[in-house]
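For reference, the structure is listed below as structure tokens.
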Amino acid sequence: MTSLPETRPGRKQLGLVIDLDICVGCHACATACKEWNASGHMGPLPDFNPYGDGAWGVWFNRIHSFEEGDGDGARTIHFPKSCLHCEEPACVTVCPTGASYKRAEDGIVLVNEAICIGCKLCSWACPYGAREYDYDVGVMKKCTLCIDKIYNETLDEADRVPACVATCPVSARHFGDLGDPDSDVSILVAAREGYALMPEMGYKPVNRYLPPRPRRDAGCAGETPAALAPSPAVPPGAHPFLRWIDRVLSR
């Protein structure tokens with residue numbers, strides 16, 4: 001079985017922080033992930049019957065949508081999910097060939113395709129469903145945090161983030177060192193009481209989720225807001241253009 005690197009306080013742990021309060025479920029992150037990784041470190045990422053019924057393929061990032069609450073208080077929560085790059089990943093320790101491994105220098109969990117035998121033990125061990133089997137080549141694949149992008153020194157430093165983070169239109173995704181309590185992502189997690197997914201499993205996932213904020217209904221303390229006062233009329237002596245605008249907007 002594959003061993004894990006020694007854990008110690010302050011070790012670098014790169015990961016994602018996902019804000020469930022503002023994620024709109026647009027799937028831009030999943031699409032950008034697919035596009036980048038199709039020719040990246042783990043590429044290609046095949047699709048099967050993509051334009052027909054029962055289409056499926058290899059996706060490192062998937063978005064699940066849930067309805068939360070009842071009646072007027074109900075709302076839709078979009079939940080993006082990918083590899084959580086656990087501190088103690090079972091997918092690594094069950095691997096019989098050492099193909100699945102966790103990097104000591106940054107905590108990223110990867111797969112060495114050259115020695116993966118496609119036994120799928122890692123996918124059975126992962127409680128998060130983050131492993132993807134590529135039937136074209138018979139090996140397991142997974143999120144790499146776009147390792148070939150975040151360490152690419154030919155890119156501007158601002159662009160050295162995972163594709164999913166770079167493309168999010170509402171900035172619901174953040175990337176950084178969650179092993180450093182003073183990093184921007186760690187401070188964000190502390191401020192918003194971010195949480196790990198299924199911590200009771202004991203695998204210590206690195207990625208964090210920021211919970212949805214309470215709904216803000218109209219009014220204050222349940223009171224109905226006062227009606228808006230009508231806009232004052234444009235005085236008769238005003239410029240003709242202003243009087244025309246007033247007539248148009250008052251229709």
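Here the structure is a predicted model, which means the values were calculated and not measured.
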*Would you mind reporting whether Cys164 and Leu16 have side-chain heavy atoms less than 4.5 Å apart?*
yes

*Counting distance only, does the side-chain N/O of Ser123 pair as donor-acceptor with the main-chain N or O of Lys120 below 3.5 Å?*
yes

*Could you note down all residue pairs passing side-chain hydrogen bond (donor to acceptor under 3.5 Å, both in side chains) where residues 26-41 supplies at least one of them, sequence neighbours left out?*
Lys34-Asp47, Trp36-Asp148

*Between OG of Ser186 and CD of Gln13, what distance do you get to the nearest 0.5 Å?*
10.5 Å

*Between Lys141 (side chain) and Pro44 (backbone), is there a donor-acceptor pair under 3.5 Å?*
yes

*Would you mind listing every salt bridge (Lys or Arg N to Asp or Glu O under 4.0 Å) that reaches into residues 23-32, with sequence neighbours excluded?*
none

*Short side-chain to backbone donor-acceptor contact, Tyr135 and Phe48, under 3.5 Å*: no

_Cluster check Leu84, Ile18: I/L/V/M/F/W/Y, side chain < 4.5 angstrom_ = yes

*Closest heavy-atom contact between Asp21 and Pro211?*
CB-O, 4.1 Å

*Any donor-acceptor N/O pair, Lys12 side chain to Gly179 backbone, under 3.5 Å*: no

*Taking the six-membered ring of Tyr128, is the NZ or CZ of Lys81 close enough (under 6.0 Å from the centre) and on axis enough (within 45°)?*
no

*May I ask you to test the His85-Cys143 pair for a side-chain heavy-atom distance under 4.5 Å?*
yes

*Decide yes or no for Arg103 and Ile147: does some side-chain heavy atom of the first lie under 4.5 Å from some side-chain heavy atom of the second?*
yes

*Okay, side chain of Asp156, backbone of Ala158: is any donor-acceptor separation there less than 3.5 Å?*
no

*For the pair Arg75 (side chain) and Gly69 (backbone), establish whether a donor and an acceptor sit closer than 3.5 Å, ignoring hydrogens and angles.*
no

*Mind listing the closest non-hydrogen atom pair of Thr167 and Ala32 along with its distance?*
CG2-CB, 3.4 Å

_Pro205 side chain reached by Met198 side chain, heavy atoms, under 4.5 Å_ = no

_Quick check on Glu105: does its CD atom have over 12 non-hydrogen neighbours (other residues, nucleotides or ligands) under 6.0 Å away?_
yes

*Can any side-chain N or O of Lys142 pair as donor or acceptor with the backbone N or O of Ser100 at less than 3.5 Å?*
no

_Rounded at 0.5 Å granularity, tell me how far OG1 in Thr144 sits from NZ in Lys149._
11.0 Å

*Are Leu110 and Met140 grouped together when hydrophobic residues (ILVMFWY) are joined by side-chain heavy atoms under 4.5 angstrom apart?*
no

*If you count the non-hydrogen atoms of other residues, nucleotides and ligands that lie under 6.0 Å from CD in Glu157, is the total more than 12?*
no

*His78: what forms a side chain to side chain donor-acceptor pair (under 3.5 Å) with it, not counting sequence neighbours?*
Ser65

*Enter the distance from Asn152:CG to Asp159:CG here, rounded to the nearest 0.5 Å.*
10.0 Å

_Side chain proximity check, Phe175 to Val185, heavy atoms < 4.5 angstrom_ = no

*Hey, are the side chains of Leu197 and Phe79 touching, using non-hydrogen atoms and a 4.5 Å cut-off?*
yes

*Should Leu14 and Val17 be regarded as members of a common hydrophobic cluster, given that ILVMFWY residues are connected when their side-chain heavy atoms come within less than 4.5 Å of each other, either directly or indirectly?*
no

*asked:* Does Glu113 form a side chain to side chain contact (heavy atoms under 4.5 Å, CB included) with Asp134? I'd like the steps, not just the answer.
replied: CA-CA 11 Å; Glu113 293 183 71; Asp134 185 340; 5.7 Å; no

*Transitive ILVMFWY side-chain link Leu20 to Phe66, under 4.5 Å*: yes

*Taking all heavy atoms of Leu145 and all of Pro162, pick out the closest pair and write down the distance.*
O-CG, 3.6 Å

*Roughly how far apart are Trp124 CH2 and Cys119 SG, rounded to 0.5 Å?*
7.0 Å

*Output every pair passing side-chain hydrogen bond (donor to acceptor under 3.5 Å, both in side chains) with a member in residues 197-211, not counting sequence neighbours, ordered by first then second residue.*
Glu88-Lys204

*asked:* Please check: side-chain N/O of Lys102 versus main-chain N/O of Cys86, any donor-acceptor pairing under 3.5 Å?
replied: yes

*Nearest-0.5 Å distance that lies between atom CD1 in Ile22 and atom CG in Leu210*: 8.5 Å

*Please report the closest heavy-atom contact between Leu121 and Pro96, naming both atoms and the distance.*
CD1-CD, 4.0 Å

*Would you indicate whether the side-chain heavy atoms of Ile150 and Asp106 approach each other to under 4.5 Å?*
no

*Between Glu132 (side chain) and Trp59 (backbone), is there a donor-acceptor pair under 3.5 Å?*
yes

*Nearest non-hydrogen partners of Leu178 and Val206, listed with the distance*: CD1-O, 3.2 Å

*Over all heavy atoms of both residues, which pair between Val161 and Ala166 is shortest? Give the atoms and the distance, please.*
CG2-CB, 3.9 Å

_Quick one, Ile77 and Cys23 - any side-chain contact, counting heavy atoms below 4.5 Å?_
no

*Please check if Val111 and Leu45 belong to a single hydrophobic cluster, counting links between Ile, Leu, Val, Met, Phe, Trp and Tyr side chain heavy atoms closer than 4.5 Å.*
yes

*asked:* Among residues at least two apart in sequence or on other chains, which ones pass ring pair (Phe, Tyr, Trp, His ring centres under 6.0 Å) with Tyr195?
replied: none

*salt bridge (Lys or Arg N to Asp or Glu O under 4.0 Å): which pairs involve residues 160-189, sequence neighbours left out?*
none

